[in-house]
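Structure, as structure tokens:
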Amino acid sequence: MDLERAIRDRRTTKNFTDEPIDASVVRELVDLAQWAPNHNMTAPWRFRLIGPESTAALVQIAPEDKKKKVVRAPTRLLVSVVVAGDQVRREEDLLATAAAVQNILLAATARGIDSFWQSPTIAGLAPSRFKLKIPANEQLVAVIHLGYATDERPEPPRQDLAKIFSELP
Ligand SMILES: Cc1cc2nc3c(=O)[nH]c(=O)nc-3n(C[C@H](O)[C@H](O)[C@H](O)COP(=O)(O)O)c2cc1C
């Protein structure tokens with residue numbers, strides 16, 4: 001799949017089949033993630049494939065009405081950033097990690113894998129961080145759900161270019 005196709009075809013997916021993504025494929029995606037631009041090559045990102053035991057713990061910790069959201073897809077990857085002391089570096093590292101997440105989403109799309117960038121609300125709760133052994137100096141950035149969509153996804157329209165783009169003299 002060419003890059004432009006992958007950019008346009010990537011869609012936030014909420015309903016997945018039970019078919020998991022092999023850990024070897026997730027490793028490929030993570031390897032592509034770290035080719036994102038990264039000022040001073042700080043490699044600030046951390047990626048954790050959430051296994052069955054950790055998933056069960058997150059489901060247990062989640063409030064009743066959120067439990068289903070934890071297990072949207074059969075495969076989940078937790079992405080975090082190591083928080084630097086310096087504010088500029090902190091911002092740059094966070095932005096680099098967001099770029100790394102997008103690499104994963106696009107590389108997944110190119111492989112025919114559907115995805116969902118979810119805010120790490122449940123994973124960010126103190127008991128979850130404790131259970132998953134997330135060090136205090138890491139900020140959670142995303143839970144990336146990976147799998148195969150069961151149905152068509154809505155395609156939220158984008159802005160007219162005239163609204164978001166201008167050419168400066
Ligand atoms: C930082 C970030 C956090 C997001 N968190 C959530 C989330 O928690 N729940 C959700 O439904 N969508 C979340 N999304 C996905 C957006 O809702 C989605 O990208 C948007 O609706 C556009 O749809 P598309 O991805 O199919 O183009 C998140 C996206 C980003 C970039």
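Indexing begins at 1, ligand by ligand and atom by atom, following the structure's order.
The main-chain N or O of G124 is never found under 3.5 Å from a side-chain atom of S128 such that the two would form a donor-acceptor pair. Of the possible polar contacts, none joining the S80 side chain to the E138 backbone as a donor-acceptor pair under 3.5 Å is found.
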Atom pairs and distances, ligand 1 N/O vs protein N/O under 3.5 Å:
from     : atom 1 : to   : atom 2 : distance (Å)
ligand 1 : 5 (N)  : W117 : O      : 3.4
ligand 1 : 5 (N)  : S119 : N      : 3.2
ligand 1 : 5 (N)  : S119 : OG     : 3.0
ligand 1 : 8 (O)  : S119 : N      : 3.1
ligand 1 : 11 (O) : K14  : NZ     : 2.8
ligand 1 : 14 (N) : W117 : O      : 3.2
ligand 1 : 19 (O) : T12  : OG1    : 3.3
ligand 1 : 25 (O) : R10  : NH1    : 2.8
ligand 1 : 25 (O) : R10  : NH2    : 3.1
ligand 1 : 25 (O) : T12  : OG1    : 2.5
ligand 1 : 26 (O) : R11  : NE     : 2.8
ligand 1 : 26 (O) : T12  : N      : 2.8
ligand 1 : 27 (O) : R10  : NH2    : 3.2
ligand 1 : 27 (O) : R11  : NH2    : 2.6
ligand 1 : 27 (O) : R158 : NH1    : 3.0
ligand 1 : 27 (O) : R158 : NH2    : 2.8

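Judged by distance alone, the side chains of T55 and R76 do bring a donor and an acceptor atom under 3.5 Å apart. Side chains of T42 and N40: no donor on one and acceptor on the other come within 3.5 Å.
Atom-to-atom distance recorded for L105:CG and R11:CZ is 11.0 Å, nearest 0.5 angstrom.
Atom CD of Q34 sits in a crowded spot, with more than 12 heavy atoms from other residues, nucleotides or ligands closer than 6.0 Å.
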